[in-house]
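A short write-up of the structure that comes next.
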Number of protein chains: 2
Amino acid sequence: MLSKLNSVLMNQQEIEDIQKELGEKSLMGLSLDALITDTDNYIALPIDVPGHSPAGGYAHNKHQSNYKYIDQAGRLFLITGDEKYAQYAADLLTQYADKYLALGFQVQRNTNPPGRLFHQMLNEHVWLLYASLGYSCISHWLSDEKRQHIIERLFEPMLEVATVKYHFDFDRIHNHGVWAVAATAACGAAIGQEKYIDLALHGLAGDDIQGGFLAQLSNLFAPSGYYIEGPYYHRYAIRPLCLLAELTQRFRPEVDIFNFKDQVIGNTIQSLLSTAYPNGVFPSLNDASKSMDIKDEGVVIAVSLYAKHYPEDSNLFGIAKIQNQIWVSGCGVALSQAYEAQTSVELPCLPSVELNEGPNGDKGAQGFIRMQNQDGKISQLVMAYGQHGMGHGHFDTLGMTYFNNNQEVLRDYGFGRWVNVEPKFGGRYLDENKSYARQTIAHNLVTVDGGCQNNFDVETADSKHGVPHFFIGSGKTQAMSAYTYDFFPGVTQQRSLVLIENELFAQPLLVDLFRLSSEETHQYDYALQYQGQIVRTNVQLEQHKTLNTLGDDFGYQHLWNVAQGPAQETTLVSWLQGESYYTWLSASSADDTLFCTRTGANDPSFNLRSETSLVLRREAKNSLFANIIETHGYFNESVEASLDARGKVQQINIVGFNDNASVIEIVGEGFVLTVMVNNDPNATEESQTTVELNNQSYSWQGFLAVTTKRS
Amino acid sequence: MLSKLNSVLMNQQEIEDIQKELGEKSLMGLSLDALITDTDNYIALPIDVPGHSPAGGYAHNKHQSNYKYIDQAGRLFLITGDEKYAQYAADLLTQYADKYLALGFQVQRNTNPPGRLFHQMLNEHVWLLYASLGYSCISHWLSDEKRQHIIERLFEPMLEVATVKYHFDFDRIHNHGVWAVAATAACGAAIGQEKYIDLALHGLAGDDIQGGFLAQLSNLFAPSGYYIEGPYYHRYAIRPLCLLAELTQRFRPEVDIFNFKDQVIGNTIQSLLSTAYPNGVFPSLNDASKSMDIKDEGVVIAVSLYAKHYPEDSNLFGIAKIQNQIWVSGCGVALSQAYEAQTSVELPCLPSVELNEGPNGDKGAQGFIRMQNQDGKISQLVMAYGQHGMGHGHFDTLGMTYFNNNQEVLRDYGFGRWVNVEPKFGGRYLDENKSYARQTIAHNLVTVDGGCQNNFDVETADSKHGVPHFFIGSGKTQAMSAYTYDFFPGVTQQRSLVLIENELFAQPLLVDLFRLSSEETHQYDYALQYQGQIVRTNVQLEQHKTLNTLGDDFGYQHLWNVAQGPAQETTLVSWLQGESYYTWLSASSADDTLFCTRTGANDPSFNLRSETSLVLRREAKNSLFANIIETHGYFNESVEASLDARGKVQQINIVGFNDNASVIEIVGEGFVLTVMVNNDPNATEESQTTVELNNQSYSWQGFLAVTTKRS
């Protein structure tokens with residue numbers, strides 16, 4: 001039996017280090033202060049250990065809160081020495097031990113098997129992980145009898161469910177699997193049954209191949225550290241990953257976990273952070289909420305852990321500044337001390353980065369370009385040209401999102417889900433996630449023949465990936481380009497996104513060259529998801545007297561066709577979003593049609609948010625959508641100020657395009673910008689390109705050139 | 001000729017008092033610091049005095065900025081002694097003097113005559129007021145020649161335009177007239193021609209009746225201090241009003257302006273402040289923006305002025321805290337010193353107040369009820385039962401808005417205008433202001449027979465007003481009730497709004513009893529303008545496959561009929577707005593129809609915001625719409641938390657209603673609230689009401705009773 005301190009993640013030295021920060025204004029002191037207030041507020045409420053409810057229902061929420069405060073109370077008992085915390089955690093754990101075995105298993109509601117507390121084992125693992133960590137902080141304080149009761153009536157049965165009853169689901173290589181092994185290891189460590197640590201690390205089979213933490217670490221991440229399901233799921237998986245890594249370092253130091261597989265842990269933390277928008281919100285790549293951000297607990301833990309175990313990185317301090325909290329732990333102490341040692345901490349402008357995908361890094365990539373203007377404002381461009389992302393994947397390869405002036409400008413709908421909103425299908429994924437949110441037309445790219453990439457077939461989509469052409473991540477002209485082949489039958493697509501800093505413009509100019517090639521004629525729908533109020537357009541829009549949908553399938557059935565009109569030679573639409581004006585110009589012709597759409601059709605339960613898009617439709621074989629987005633002006637309704645409501649660019653000319661190159665001109669009063677892009681998949685930085693287009697010769701070296709001519 | 005200090009609004013003592021605050025952390029110190037930074041940034045730019053442009057265009061904006069910085073530079077010269085400020089103001093004024101007479105008059109674009117700098121004299125007066133104040137700070141520093149140039153080529157011609165050329169429009173009793181007289185007085189004082197002060201105070205006719213500041217003060221405001229056009233225009237008129245009052249006190253102390261007409265100035269400042277929502281934003285009564293707030297310069301000046309000239313009011317400090325700035329002036333010094341003398345300053349929960357309308361206070365009223373819950377959150381209910389409001393009036397007598405949890409819940413559309421957005425009709429009022437925003441259906445109340453109150457006729461509407469029944473502005477049950485007669489032909493309407501604090505609910509419960517009486521059958525459309533996502537409803541909504549408008553006229557032509565269904569005995573709709581859930585329940589029957597609408601139809605230029613409403617339609621002669629709005633739960637997507645997505649109220653029963661009384665029951669699990677309202681226009685606080693309804697007898701004293709029965 002245990003009776004000495006056995007806290008899984010805090011040793012005596014760390015406890016003392018944290019104690020020193022009590023009442024200080026350091027990151028640790030402030031985080032500790034917040035932790036105490038939060039915990040004290042909760043433990044003042046009556047204890048309740050309820051039965052079952054759907055996700056978002058009372059019992060579900062209560063079980064979640066309970067595990068959180070078992071952990072927090074446990075840690076605060078060690079840090080403050082106040083026995084009220086130990087008593088609270090003990091009482092709560094005892095009540096769970098009293099009731100756990102009497103609770104029947106819930107009804108299964110998705111592919112995840114049901115637990116006794118929650119409708120899916122995923123939540124049960126999270127509960128076990130936190131309850132175990134909390135328990136480990138008070139186990140030496142408990143009487144033998146209490147301790148035995150909790151172990152025998154709660155923890156051992158839970159371990160049995162995890163590793164025996166659902167052994168087939170226990171240690172698989174998936175984000176849920178990380179929670180399972182972390183919970184099992186933490187519980188084993190907490191109750192002194194270390195065999196569970198080894199099961200967790202090496203898998204039930206013990207071969208480090210079929211399952212277990214080391215196999216997960218070896219297989220879940222690309223060499224870039226990118227996680228296939230995207231940042232929303234990555235930030236969820238990184239929490240148990242970091243907790244189990246820290247445990248492993250303490251209980252199995254010989255594994256040298258922080259150097260394991262070329263420092264995969266540090267690598268994947270950096271990769272996750274490098275996806276975030278400047279305001280800390282993660283781009284909603286694949287199924288994802290629109291507001292998940294780096295303040296999420298998993299990311300807070302990851303940043304603290306990185307600070308302790310990896311070399312100093314000043315961007316991390318900027319991220320901690322946005323987070324405004326740290327993990328109250330030994331790792332947090334390390335971060336807090338390093339943070340306090342800085343003379344000043346700036347909000348970070350993370351470098352542009354291309355994150356490769358696939359176990360060998362050869363399954364395409366996700367591109368992130370960032371540019372900071374003189375006012376310190378950061379523009380970020382995201383392009384998806386990697387893997388599909390399995391069951392949570394969206395059919396949007398070559399899709400982009402664009403962020404500046406503290407808002408997402410070219411938007412992604414995110415998932416079709418009201419997470420934890422119980423009356424909305426228990427907070428689970430809604431039908432509209434499939435019928436709209438994951439469809440190609442819901443994104444910022446071209447939909448062919450009113451369909452969906454890979455015909456909305458996950459298996460087909462998972463077998464393909466985008467093909468990177470080039471990535472230029474520094475300087476005043478940054479760019480990325482990639483291809484897809486046969487994502488729509490017989491159609492090759494290339495998208496080249498260029499972000500140009502130029503003294504003509506207060507903000508970078510976004511150039512989007514979306515090229516399609518096919519031997520057959522297709523309907524190409526170039527779509528931009530915008531938010532705000534249309535301010536002006538040069539298209540004679542006919543607003544429909546009765547609204548119909550834009551189509552019947554592949555997401556089009558959810559789009560009201562609000563207005564349409566024949567495109568212009570250069571089609572222009574300006575809109576106002578928040579405090580900024582945006583103008584989209586696209587080289588087109590009267591044969592093209594512009595549609596203004598709004599989501600909400602065929603949505604009888606009001607499950608979709610009401611959002612707007614612009615769709616430029618064209619019939620063609622080979623075609624180039626040549627577009628710019630200009631960010632301009634300022635609007636503030638409350639002080640009734642408006643500046644520069646009209647942008648500077650007036651015209652886009654396509655000089656020419658073919659399989660070798662695309663050349664366009666961006667024309668305004670007194671200036672012409674010429675953008676030249678190499679389209680040859682075999683090109684290199686050294687390639688010399690010379691093309692004859694429209695009776696003029698253009699030459700440049702490398703992938704891309706931009707020239708400015710002023711008059 | 002002048003050569004000693006002649007600043008119109010700052011004497012030597014005040015200048016020294018302000019100087020002492022330089023670099024301090026007081027309100028004055030911080031405001032001064034902000035003023036210096038702002039001014040320095042502007043005067044670093046090249047000087048430009050342009051010609052003409054539409055509102056929102058470059059020249060318009062530049063002229064506006066120029067007057068602002070002439071004033072600021074003038075004040076900062078006196079405060080800091082730095083001659084760069086004097087030089088800047090002098091240079092700018094000189095350039096205006098060089099060009100002013102050469103500029104032709106602009107083209108007239110509305111009923112306001114055009115100026116040389118702006119398209120309407122209103123803006124020209126604002127320019128003259130500020131430029132004069134700034135000039136008065138530097139006139140003693142100028143050479144005689146410079147001074148004479150500015151007076152002769154700029155100020156005297158501007159005074160001539162204001163008082164001679166447009167004499168018919170100069171001193172009229174209207175918010176524009178206050179700007180005219182303030183500008184004229186300030187300019188006269190600045191250039192030492194005090195006759196203009198007297199013209200401004202007493203009018204061109206000199207009789208204090210036909211025009212002038214004193215006549216304006218006597219006639220523009222109700223005894224309550226309310227201004228007929230509503231807070232949006234009130235906050236605009238209060239700026240010249242305060243500036244001219246301060247000038248009057250200095251140049252004509254014998255008028256005793258701050259005690260004039262029972263302290264009308266202090267009174268109207270308090271009245272304006274008392275309309276604001278808890279976040280400082282003004283409710284958009286009549287034509288108004290959705291974001292105008294108490295940080296507006298006029299309100300900042302008014303609060304400083306009140307602090308200097310009227311007795312201490314601790315709510316004012318709370319308002320200054322929200323404003324986070326003061327008027328850099330002698331008045332500001334007074335406020336700053338009083339503020340610093342407080343031990344602590346709380347955000348204010350202003351008292352509930354009924355503001356009467358009309359010169360004698362007998363033309364109805366505007367009601368404002370506020371309630372603060374234990375968490376400090378303030379609910380505010382606004383009901384319009386006063387005057388129409390002339391050309392900017394909305395046809396919404398008995399309309400309401402409702403605010404809680406830091407957001408407007410039952411919303412008013414505000415004006416149909418993109419203020420200063422030049423591509424949107426020069427930033428002026430749009431056609432949709434008439435065709436939608438001012439119509440009855442755009443508000444939260446009942447529209448009869450698909451029409452509009454008073455048939456959208458301003459003259460008729462101005463001849464009527466709401467008739468107050470009762471106002472209970474304190475305690476745990478607050479309420480207001482009022483009638484209209486024949487706003488729709490042959491229909492009498494009574495609305496009683498009750499806000500109930502009850503331990504059953506975390507937030508006050510809103511009860512809305514909207515009663516209509518007629519001898520004929522009418523179509524009654526009870527509308528609620530909400531924002532957010534519908535979460536659940538008990539109505540079997542049929543979502544339309546093609547959308548049509550809800551009607552052809554009176555604003556209905558702008559509403560898409562998105563979905564409809566037969567009402568339930570108690571119709572329920574819940575929605576999620578921001579972090580709060582709201583549930584509306586209404587006693588109804590299957591003969592009624594619920595419509596879900598969205599604005600945007602017949603709006604080819606995308607001038608309207610896309611907003612949603614619920615419309616409950618009923619055919620009846622005498623009818624009571626008995627409704628509650630329950631505020632419940634919590635949602636935070638970024639931390640994936642949702643609590644209490646379903647409210648507690650399940651049913652609304654109408655026990656009975658007639659011309660004497662209305663009684664309803666609000667039923668939930670384990671509770672029944674009974675709400676009893678006296679409907680008799682002759683009732684008093686002492687009235688004993690006994691009614692027999694549905695075979696039961698109900699008795700209470702006064703206007704209203706609420707009982708709670710728990711089981």
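In this text, all values refer to a predicted model and were calculated from it rather than measured experimentally. Throughout, protein chains are lettered first and strands after them, A, B, ... in sequence-line order, and every chain is numbered starting at 1. For the numbers below, each heavy atom of this structure counts, side chains included, while hydrogens, waters and symmetry mates do not.
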Exercise. B/S574, B/A563, B/P604: which one forms the most heavy-atom pairs within less than 4.5 Å of chain A?
Worked result: B/P604
Exercise. Quick one: of B/N61, B/N636, B/V421, who has the most non-hydrogen atom pairs under 4.5 Å with chain A?
Worked result: B/V421
For this session: State, without any angle test, whether B/N548 and A/K545 hold a side-chain donor-acceptor pair at a distance under 3.5 Å.
Result: no
Exercise. For the residue pair B/V419 and A/F635, what are the closest heavy atoms and their distance?
Worked result: O-CE1, 3.4 Å
Problem set entry | For the student: nearest non-hydrogen atoms of B/N420 and A/S642, plus distance | O-CB, 3.1 Å
With a 4.5 angstrom heavy-atom cut-off, is it the side chain or the backbone of [X] that approaches chain B, or both, or neither?
X: A/F425; answer: neither
X: A/R536; answer: side chain
X: A/S605; answer: backbone
X: A/A601; answer: backbone

For this session: Taking A/Q543 for its side chain and B/G600 for its backbone only, find out whether a donor-acceptor pair lies under 3.5 Å.
Result: yes
For this session: Verify, without hydrogens or angle tests, whether A/Q533 (side chain) and B/W418 (backbone) share a donor-acceptor contact under 3.5 angstrom.
Result: no
Measuring only between side-chain heavy atoms, which start at C-beta, is [X] closer than 4.5 Å to [Y]?
X: A/D644; Y: B/Y58; result: no
X: A/S638; Y: B/M292; result: no
X: A/T546; Y: B/L547; result: no
X: A/S610; Y: B/R598; result: yes

Picking from [options], which has the most non-hydrogen pairs under 4.5 angstrom with chain B?
options: A/N607, A/I534, A/L576; answer: A/I534
options: A/T537, A/T549, A/T612, A/L608; answer: A/L608
options: A/N602, A/D293, A/V639, A/L541; answer: A/N602
options: A/V562, A/L643, A/D603; answer: A/D603

Heavy-atom cut-off 4.5 Å, strictly under: side chain, backbone, both or neither for [X] against chain A?
X: B/F282; answer: neither
X: B/W575; answer: neither
X: B/H544; answer: backbone
X: B/K295; answer: neither

Exercise. Is it true that A/E637 and B/K290 have a side-chain N and a carboxylate O under 4.0 angstrom from each other?
Worked result: no
Exercise. Within a reach of under 6.0 Å around CG of A/D552, are more than 12 heavy atoms found that belong to other residues, nucleotides or ligands?
Worked result: no
